[in-house]
Asker: 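Structure provided below as structure tokens; questions to follow.
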Protein chains: 2
Amino acid sequence: MQPITRSTTIRDVARLAGVSVATVSRVLNGNHGVRGPARQAVERAIKTLNFEPNQTARRLSLGKTFTLAAIAPFFYRASSVERLRGLESVFSTSAYDLVVYNVETIETRDRYFSELLRPDRVDGVVVISLSPDDAHAEAFERSGLPVVLVDAVHPRLPSVHEDSALGGYLATRHLIELGHRRIAFICDELNAPLSIIGSNANINRLAGYRRALSEAGLPLDPALFREGPHSKRLARGLARELLTSPNPPTAIFAVSDTHAMGVLDAARDLNLRVPGDLSVVGYDDVEVAEYIGLTTINQSLEKSGRRGAELLLGLLDTPVDAPTGESVQPGSESIEVTLVVRGTTGAPLQRG
Amino acid sequence: MQPITRSTTIRDVARLAGVSVATVSRVLNGNHGVRGPARQAVERAIKTLNFEPNQTARRLSLGKTFTLAAIAPFFYRASSVERLRGLESVFSTSAYDLVVYNVETIETRDRYFSELLRPDRVDGVVVISLSPDDAHAEAFERSGLPVVLVDAVHPRLPSVHEDSALGGYLATRHLIELGHRRIAFICDELNAPLSIIGSNANINRLAGYRRALSEAGLPLDPALFREGPHSKRLARGLARELLTSPNPPTAIFAVSDTHAMGVLDAARDLNLRVPGDLSVVGYDDVEVAEYIGLTTINQSLEKSGRRGAELLLGLLDTPVDAPTGESVQPGSESIEVTLVVRGTTGAPLQRG
DNA sequence: CTGAAAGCGCTTACAG
DNA sequence: CTGAAAGCGCTTACAG
């Protein structure tokens, strides 16, 4: 039986260099007060032993975890993954590890929220596309754990979010300008328990939709409104309802590209040509959107992740009890939204 | 200035329960040797203090990290993300945290490989769609760090992989059965430095392609072979070359859905109808594939992630120096591949 | 500038 | 069954 090879520790280095572990620790941590000779001896010893300090031990004595969490509905929101990419690109250049927590239900969301609040779990978290309620937000605040929201907002928490009302407005106005008069709106469930998971983007996009309508003097027809889970399959059903109703819309604005793909499925089912018989606008500009030629609202997914990560890193550098006494609360940031016109929108063939 | 609230420790619990910290630790760790009264006192104290042991301290004294790594080219391989989903679903039910390392270049791959080898970084790693060379494999073995490969193989390492030769064969035979005679093959770069990142799946799929061809008595035409990076845009260029050549193929088998989407783009550019003028088969059955109706080879992406995770968990439970003296090397596992026929393949309109 | 020592919060032989 | 103590591998006041 081979003895398990014990990894080399700071003591080994100290012994070889003929100094105390304190000195080794100092050069390790870039402490400038270590004299030339000692420093060189240590550096040489580190090199010959190929020494790397034990992270866990550092964590314990420093009281930091050197890990950051990303918590998001990664697998049922295509957009989360693209935002994660942004996060990763900035964290990978930092000293922090990134651990991911995938949320599928309210229960997992709540479990992760409270787990992460424990003081020794992570040094910071970015929450993606999940809106903390007031209790959560307060708990985050009290814990002192740096948190930034991406694609969600809360008055007490820093965030990176798009101007969803503007997005909703741009999408709807585009359709109006093309000549559409009956424009349906499909979004996530506004009041179902699961909606807690979503951000409040839906409501804002709806607001934008209404504003565009009212600016154009168009009525708001409740028959043209549908809500349902973030699922292509279910959106397809909703669209089918809309399109087979007595007075169907000539255009549908969907609150996500996923919903929009369901709408396109429904159109195909019913042999409707897009955009001839039906125009559709999505939201997010997920990677696939370009491929399938979907007109949509772009909100710089990857960039929002990047900015969220940068904000968090900023928070980590500014201790709450800063010397000035004022903890610099980093403002929330807004991400630009733009309309991307592709092939799924056009003038209606038969005027309503 | 508020004092930072120190979190409650095992000492607080011990004090409140009127026992030693050793006893608290024992009940925490499910040690059965703790008597009724003591145990109850401790449990009550834990509850009233809402105590949760400090992970970092546990790690240090146990010499485990309780974290597992997933290392993969997440962002340039759509399939990685789906495999990650499988991983996540099993790890989230375990005691381990999952940290992700995204690889974009050979340099980052090598850096992560050697970082993770450090004894105190993680307890295990699953490597997705990256083929370790012999030096890496040996280093992994020597380190004693449990590693499992997903979508890659190495004789010295356990893995979960599909039978790529079979996949290549099935795809090609399908096209032959439809009546195609000139079938092109597009794959990742076989010899470029970056190909080290890819798995050897390409070569096997090529072998399957050749076998199907030779079985049918069809010649292997080098003019119908193209290789290029895992990129839709670049695959589009390769397909264009093929399709504008003097004697173009009537079908293209692409080694990934990403490549296949590039082929579809090229067909669109050239006003070729699919499948009338050109049939195309992809590989992977990524989520989008269903949406765009791509005929492809399914290889249970999520399941392969799940199995990889399960294998790793198994390795963690069987210590290398097992009492029996024989370390049970878990075999590698093969994932089923199936042909999924959708809308991009059909009989060629004009017989070659 | 540098060392001896205490401490971070756990776990676990070792005694009793 | 339970406690006192040592130990995991670092960091950092505190002396000198």
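Order of the sequence lines fixes the chain letters, A, B, ..., with proteins taken first and strands second; residue numbering starts at 1 for each chain. Only a predicted model underlies this, so the values are computations on that prediction, with no experimental measurement involved.
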Asker: Quick test of your reading: applying salt bridge (Lys or Arg N to Asp or Glu O under 4.0 Å), list the pairs with at least one residue in residues 52-66 of chain B, sequence neighbours left out, ordered by first then second residue.
Answerer: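 For residues 52-66 of chain B, and leaving out neighbouring residues, the salt bridge (Lys or Arg N to Asp or Glu O under 4.0 Å) pairs sorted by first residue read A:R118-B:E52.
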Asker: Would you please name every residue forming a salt bridge (Lys or Arg N to Asp or Glu O under 4.0 Å) with B:R111, sequence neighbours left out?
Answerer: B:E115
Asker: Please list, chain by chain and in numerical order, all residues satisfying side chain to side chain donor-acceptor pair (under 3.5 Å) with A:S61, sequence neighbours excluded.
Answerer: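 Result, side chain to side chain donor-acceptor pair (under 3.5 Å) vs A:S61: none returned.
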Asker: Which whole-number value in Å describes the distance from A:N54 CG to C:dG9 C1'?
Answerer: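 Those two atoms, CG and C1', are 15 Å apart.
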Asker: Take atom CD1 of B:I46 and atom P of C:dC10, then tell me their distance rounded to the nearest Å.
Answerer: 11 Å
Asker: In whole angstroms, how far is the C1' atom of D:dC8 from the CZ atom of A:R59?
Answerer: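 Roughly 15 Å, once rounded to whole Å.
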Asker: By side chain to side chain contact (heavy atoms under 4.5 Å, CB included), which residues pair with B:R26, not counting sequence neighbours?
Answerer: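 Per chain and number, B:R26 pairs via side chain to side chain contact (heavy atoms under 4.5 Å, CB included) with B:A22, B:T23, B:N31, B:V34.
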Asker: Given pairs defined as Watson-Crick or G-U wobble with both distances under 3.5 Å, what dot-bracket annotation applies to DNA chain C, with ( ) intrastrand, [ ] crossing, | other strand and . unpaired?
Answerer: |||.||||||||.|||
Asker: When the P atoms of D:dA15 and D:dT11 are compared, how many Å lie between them, rounded to an integer?
Answerer: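 Per the computed distance, 22 Å lies between those P atoms.
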Asker: Sorted by first residue and then second, give each side-chain hydrogen bond (donor to acceptor under 3.5 Å, both in side chains) pair with at least one member in residues 37-46 of chain A; sequence neighbours left out.
Answerer: none
Asker: With A:A14, which residues qualify under side chain to side chain contact (heavy atoms under 4.5 Å, CB included), at least two apart?
Answerer: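 A:V21, A:V24.
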Asker: May I have the distance from A:R39 (atom CZ) to C:dC1 (atom P), rounded to whole angstrom?
Answerer: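 Distance check: A:R39 CZ to C:dC1 P gives 11 Å.
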Asker: May I have the distance from A:D120 (atom CG) to C:dG7 (atom P), rounded to whole angstrom?
Answerer: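 Rounding to the nearest Å, CG of A:D120 and P of C:dG7 are 20 Å apart.
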Asker: Rounding to a whole Å, what distance do you find between B:R118:CZ and D:dC10:C1'?
Answerer: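 In whole Å, D:dC10 C1' lies 15 Å from B:R118 CZ.
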Asker: Could you work out, with ring pair (Phe, Tyr, Trp, His ring centres under 6.0 Å) as the rule, every residue matching B:F113, not counting sequence neighbours?
Answerer: B:H136, B:F140
Asker: What is the distance, rounded to the nearest whole Å, between atom CD of B:Q55 and atom C1' of C:dC8?
Answerer: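 Atom-to-atom, B:Q55 to C:dC8, this comes out as 15 Å.
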Asker: What's the closest nucleotide to the side chain of B:S20 if the choices are D:dA4, C:dG9, D:dC10?
Answerer: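 Given the options D:dA4, C:dG9, D:dC10, the side chain of B:S20 is closest to D:dA4.
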Asker: Can you tell me, in whole Å, how much space there is between the P of C:dC10 and that of C:dC14?
Answerer: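 Those two atoms are separated by 24 Å.
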Asker: Rounded to whole Å, please give me the gap between CD in B:Q40 and C1' in D:dC1.
Answerer: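 Going from B:Q40 (CD) to D:dC1 (C1'), I get 15 Å.
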Asker: Show the numbers, then the answer: is there a side-chain hydrogen bond (donor to acceptor under 3.5 Å, both in side chains) between A:H154 and A:D134?
Answerer: CA-CA 8 Å; A:H154 191 285; A:D134 292 346; 2.8 Å; yes
Asker: What are the two closest non-hydrogen atoms of A:V13 and A:V42, and how far apart are they?
Answerer: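 Between these two residues, the closest heavy atoms are CG1-O, 4.3 Å.
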Asker: Between protein and nucleotides 11-16 of chain D, map the contacts as a letter string: B base, S sugar-phosphate only, - none, heavy atoms under 4.0 Å, written 5' to 3'.
Answerer: BBB---
